[in-house]
Amino acid sequence: MYTFKMQTVLDHRQFIEDNLKKEHAEIRQQVMAAQQQMESLKRKETDTTTALKREQAKGISSDQVVAYHTYLKRLSDRLARQMTVVNEIKDQELKKQDELLEAMKKRQILEKLKDQDLERYRQMMLKKEMNFIDEIAVNQFVRKTIEKSGEGQ
């Protein structure tokens, strides 16, 4: 029966790859959540700007205009911070993706070695089987030859 000598290493590399896949998926979810938060802030900014224009058309006090602008400034600052967060998480995602690709390559190398080793094993077993069949055929031939030579005497 065939056993791959480096199976424990292959199993370990598969375990590492699986963990990296989970971590990468978690980071991707963080990216999506951060982007959604950023889109929400952009919508608030757009809605507030629209509301300010609407109120200005009706005629509002300068205090209210100042309040709108202060709020828009805070939204703009939060949006800038959120963009920074999104970019940082995207950088983490790229690093994790590179780690994952490297782990996949290492596992695939071992799997190719395993496949090659299995093929060598199959060839060796086939050769042994052919030798065994040849030996049986030779024994049968020798037995028949001995029987024929025994009959001739």
Exercise. Can you tell me how far CD of Q37 sits from CD of E39, rounded to the nearest 0.5 angstrom?
Worked result: 11.5 Å
Exercise. Given the rule that I, L, V, M, F, W and Y join up when any side-chain heavy atoms are under 4.5 Å apart, are I16 and L110 in one cluster?
Worked result: no
For this session: Walk me through it: do Q123 and E119 pass the test side chain to side chain donor-acceptor pair (under 3.5 Å)?
Result: CA-CA 6 Å; Q123 292 296 325; E119 185 58 32; 2.9 Å; yes
Exercise. Among the clusters formed by ILVMFWY side chains lying less than 4.5 Å apart, do L20 and V9 turn up in the same one?
Worked result: no
Exercise. Cluster question for you: counting only ILVMFWY and a side-chain heavy-atom cut-off of under 4.5 Å, with indirect links fine, are I27 and L94 together?
Worked result: no
Exercise. Are M83 and V85 connected in a single hydrophobic cluster, I mean Ile/Leu/Val/Met/Phe/Trp/Tyr linked by side-chain heavy atoms less than 4.5 Å apart?
Worked result: no
For this session: Go through the steps for N131 and E135 under the test side chain to side chain donor-acceptor pair (under 3.5 Å), then give the verdict.
Result: CA-CA 6 Å; N131 287 341; E135 187 177 326; over 6 Å; no
Exercise. Do R78 and R81 have side-chain heavy atoms sitting under 4.5 Å apart?
Worked result: yes
Exercise. Looking only at heavy atoms, which two atoms of Y68 and E55 are closest? And how far apart?
Worked result: OH-CG, 3.5 Å
Problem set entry | Minimum heavy-atom distance between E45 and L79, given as atom pair plus value | OE1-CD2, 3.6 Å
Exercise. Just checking, is any N or O donor in the side chain of E26 or Q30 under 3.5 Å from an acceptor N or O on the other one?
Worked result: no
For this session: Inspect the contact between K73 and D77 and indicate whether a charged nitrogen and a carboxylate oxygen are less than 4.0 angstrom apart.
Result: yes
For this session: Could you pull out the closest heavy-atom pair between L10 and K114, with the gap in Å?
Result: CD2-CD, 3.9 Å
For this session: To the nearest 0.5 Å, tell me how far E129 CD sits from F132 CZ.
Result: 9.5 Å
Seminar exercise, completed: One should read off an interatomic distance between R54 CZ and I60 CD1, to the nearest 0.5 angstrom, of 11.0 Å
Problem set entry | E93/K90 ion pair, N-O < 4.0 Å | no
Problem set entry | Rounded distance (nearest 0.5 Å) linking atom CZ of F15 with atom OG1 of T8 | 14.0 Å
Seminar exercise, completed: For M32, the other hydrophobic cluster members (4.5 Å side-chain criterion, sorted by chain and number) are none
For this session: First locate atom CD of Q108, then atom CG of L101, and finally report the distance between them rounded to the nearest 0.5 Å.
Result: 9.5 Å
Exercise. Which heavy atom of F4 sits nearest a heavy atom of D117, and at what distance?
Worked result: CD1-OD2, 3.8 Å
Exercise. Out of curiosity, does V86 fall in the hydrophobic cluster containing L75 (side-chain heavy atoms, cut-off under 4.5 Å, transitive links)?
Worked result: yes
Exercise. Can you check whether T145's main-chain N or O pairs, donor with acceptor, with S149's side chain at less than 3.5 Å?
Worked result: yes
Seminar exercise, completed: Residues passing the side chain to side chain contact (heavy atoms under 4.5 Å, CB included) test with T70, sequence neighbours excluded, are V66, R74
Exercise. Pairs in or reaching into residues 96-107: which pass side-chain hydrogen bond (donor to acceptor under 3.5 Å, both in side chains), with residues at least two apart or in two chains?
Worked result: Q14-R107, E17-R107, E23-K96, R107-E111
Exercise. At their closest point, which heavy atom of L72 faces which heavy atom of L52, and how far apart are they?
Worked result: CD1-CD2, 4.2 Å
Problem set entry | Atom NZ of K95: over 12 foreign heavy atoms under 6.0 Å | no
For this session: Find out whether Y2 and M124 are in side-chain contact, i.e. whether some heavy atom of one side chain is under 4.5 Å from a heavy atom of the other.
Result: no
Exercise. Looking at A34 and Q82, what are the two nearest heavy atoms and their distance?
Worked result: O-NE2, 3.1 Å
